[in-house]
Amino acid sequence: MKNALVLVAAAGLAAAAQADVLATETFSYPDGNLVGNSGNSWIGHSAPGVTPVQVTGGAAVLNQGSGSREDASLPFSEVLSGDVFAAFDFTVTGGNSTVYFAHFRDAGTIFRSRVFVTAGTQGGDYTVGFADGSSVAATWASDLAFGTTYTAIISYNRDSGESKLWINPVDMSSTALTVAGTANAAISTFALRQAAGNSSQTIDNLVVATTFAEVIPAPGAMALVAVGGLVIAGRRRR
């Protein structure tokens with residue numbers, strides 16, 4: 001009976017996970033332009049086709065620089081209330097001039113939860129800024145290193161307008177930046193941005209969901225699923 005309960009619980013967790021996930025992207029496409037690559041759902045919502053966002057080695061690459069550059073976004077079902085979360089791995093190379101490179105948006109020009117590269121303050125290569133608007137409102141306390149991959153999680157609450165940013169969190173209680181913003185934005189896409197700057201960003205392993213646990217599953221939930229798998233394996237060996 002205990003084995004059966006474990007399996008049922010694990011199956012329930014897996015089903016719940018699928019219900020809350022809005023989009024996933026591992027950028028497993030041939031090298032080349034992201035938009036239109038292998039028939040994916042990314043769209044060029046700004047300056048389409050002009051210095052396109054690239055796929056290189058199974059990741060998206062953003063190149064900040066002079067002149068007009070393409071911004072790309074991945075649509076998902078509009079979040080009607082509460083929170084939307086996005087997790088992604090990012091690596092920065094090059095410079096640290098201030099530019100935002102990732103954010104939520106609606107189907108038009110409303111942007112929320114903007115993630116910036118900006119100059120560090122403690123002797124490091126750069127740090128991360130965060131804002132609801134187009135200027136940095138809060139800065140991550142620690143400097144980060146070029147060439148090192150970090151995991152960012154951003155959230156936006158449609159009811160309050162509040163946005164949050166975590167870097168390499170263990171769980172939702174980990175240190176986060178919080179900024180106030182405007183409520184009721186009809187968030188329905190995750191966007192990657194190229195603009196004036198001197199850096200590049202590599203983005204991978206994107207997950208968009210309505211719960212924190214779905215973008216980074218809680219250790220207890222994953223352990224329960226693993227136990228369920230062991231029970232199944234044990235039965236097969238008998």
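Note that these values count all heavy atoms, side chains included, but never hydrogens, waters or copies made by symmetry.
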Could you walk me through whether S41 and L74 pass the side-chain contact (heavy atoms from CB on, under 4.5 Å) test, one step at a time? CA-CA 6 Å; S41 299; L74 181 66; 3.9 Å; yes

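- Annotation for D143 and G123: closest pair OD2-N, 3.2 Å, computed over non-hydrogen atoms.
- Using a 4.5 Å cut-off on side-chain heavy atoms (C-beta onward), T139 and T121 make no contact.
- A donor-acceptor pair under 3.5 Å is formed between the side chain of E70 and the backbone N or O of G49.
- Of the possible polar contacts, none joining the D106 side chain to the A185 backbone as a donor-acceptor pair under 3.5 Å is found.
- Counting all heavy atoms, side chain and backbone alike, W140 lies closest to A176 at CZ3-CA, 4.2 Å.
- The minimum heavy-atom distance between G58 and V55, with the atom names listed, is N-CG1, 4.3 Å.
- No single ILVMFWY cluster, assembled from side-chain heavy atoms under 4.5 Å apart, contains both L206 and V61.
- Between F111 and F104, the closest side-chain pair of non-hydrogen atoms is not below 4.5 Å.
- Expressed to the nearest 0.5 Å, how far OG of S77 lies from CD1 of I187 amounts to 13.5 Å.
- Between R112 and T182, the closest side-chain pair of non-hydrogen atoms falls below 4.5 Å.
- Formation of a donor-acceptor pair under 3.5 Å by the D132 side chain with backbone atoms of A180 is not found in this model.
- Residues near L80 contribute nothing to a hydrophobic cluster around it, because no ILVMFWY side-chain heavy atom sits closer than 4.5 Å to its side chain.
- Both V84 and F190 are members of a single hydrophobic cluster when ILVMFWY side chains are connected at heavy-atom separations under 4.5 Å.
- Every pair passing side chain to side chain donor-acceptor pair (under 3.5 Å) that includes a residue from residues 144-161 is listed here, sequence neighbours excluded: E78-R158, D83-N157, D89-T151, T91-T149, N157-S160.
- Checking side-chain atoms of D31 against main-chain N and O of G57 turns up a donor-acceptor pair under 3.5 Å.
- Residues that satisfy the side chain to side chain donor-acceptor pair (under 3.5 Å) test with T118, not counting sequence neighbours, are T98.
- In this structure, OG1 on T211 lies 4.5 Å from CG on D20, to the nearest 0.5 angstrom.
- Under the side chain to side chain contact (heavy atoms under 4.5 Å, CB included) rule, F116 has a single partner from V136, T127, V99, which is V136.
- Inter-residue side-chain proximity for Q194 and V53 is flagged as met; some heavy-atom pair is nearer than 4.5 Å.
- Rounding to the nearest 0.5 angstrom, the gap separating the OH atom in Y126 from the CG atom in N96 is 10.5 Å.
- Not a single donor-acceptor pair under 3.5 Å links the side chain of S163 to the backbone N or O of V179.
- Two residues are said to be in side-chain contact when any heavy atoms from C-beta on lie closer than 4.5 Å; V79 and L22 meet this criterion.
- Side-chain atoms of V35 and P48, non-hydrogen and from C-beta on, never get closer than 4.5 Å to each other.
- Residues I203 and Y100 are members of separate hydrophobic clusters, defined by side-chain heavy-atom contacts under 4.5 angstrom among Ile, Leu, Val, Met, Phe, Trp and Tyr.
- Considering every non-hydrogen atom in both N37 and P30, the closest pair reads ND2-O, 2.7 Å.
- Contact detail for L192 and A60: the closest heavy-atom pair is CD1-CB, 4.1 Å.
- Pairs of residues two or more places apart, or lying in two chains, that qualify as side chain to side chain donor-acceptor pair (under 3.5 Å) and include a residue from residues 55-66 are Q64-Q201.
- By the side chain to side chain donor-acceptor pair (under 3.5 Å) test, S46 is found to be paired with no residue, residues two or more places apart in sequence or in another chain being considered.
- F90 and F101 have tilted rings, their planes meeting at an angle from 30° to 60° on a 0 to 90° scale.
- Judged as a ring-ring contact (aromatic ring centres under 6.0 Å, His included), and not counting sequence neighbours, the contacts of F27 are W42.
- Distance check: I167 CD1 to S142 OG gives 10.0 Å after rounding to the nearest 0.5 Å.
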Would you please test N33 and Q54 for side-chain contact (heavy atoms from CB on, under 4.5 Å) and show each step? CA-CA 5 Å; N33 297 346; Q54 294 295 293; 2.7 Å; yes

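- No donor-acceptor distance shorter than 3.5 angstrom exists from the side chain of R69 to the backbone of T51, with no hydrogens or angles considered.
- The shortest distance between side-chain heavy atoms of R193 and R114 does not fall below 4.5 Å.
- A distance-only check finds no donor-acceptor pair linking the side chain of Q122 to the backbone of G120 [under 3.5 Å].
- In the model, N198 has a side-chain atom that pairs as donor or acceptor with a side-chain atom of S97 under 3.5 Å.
- Atom CZ in F85 sits 8.0 Å away from atom NZ in K164 (nearest 0.5 Å).
- Side chain of N40 to main chain of L34: a donor-acceptor pair is present (N/O by atom type, distance under 3.5 Å, no hydrogens or angles).
- Residues P169 and I153 come closest through the heavy atom pair CG-CD1, 3.6 Å.
- Using a 4.5 Å heavy-atom threshold, the side chains of D125 and L144 count as separate.
- For the atom pair D71 CG and I43 CD1, the distance stands at 11.0 Å (nearest 0.5 Å).
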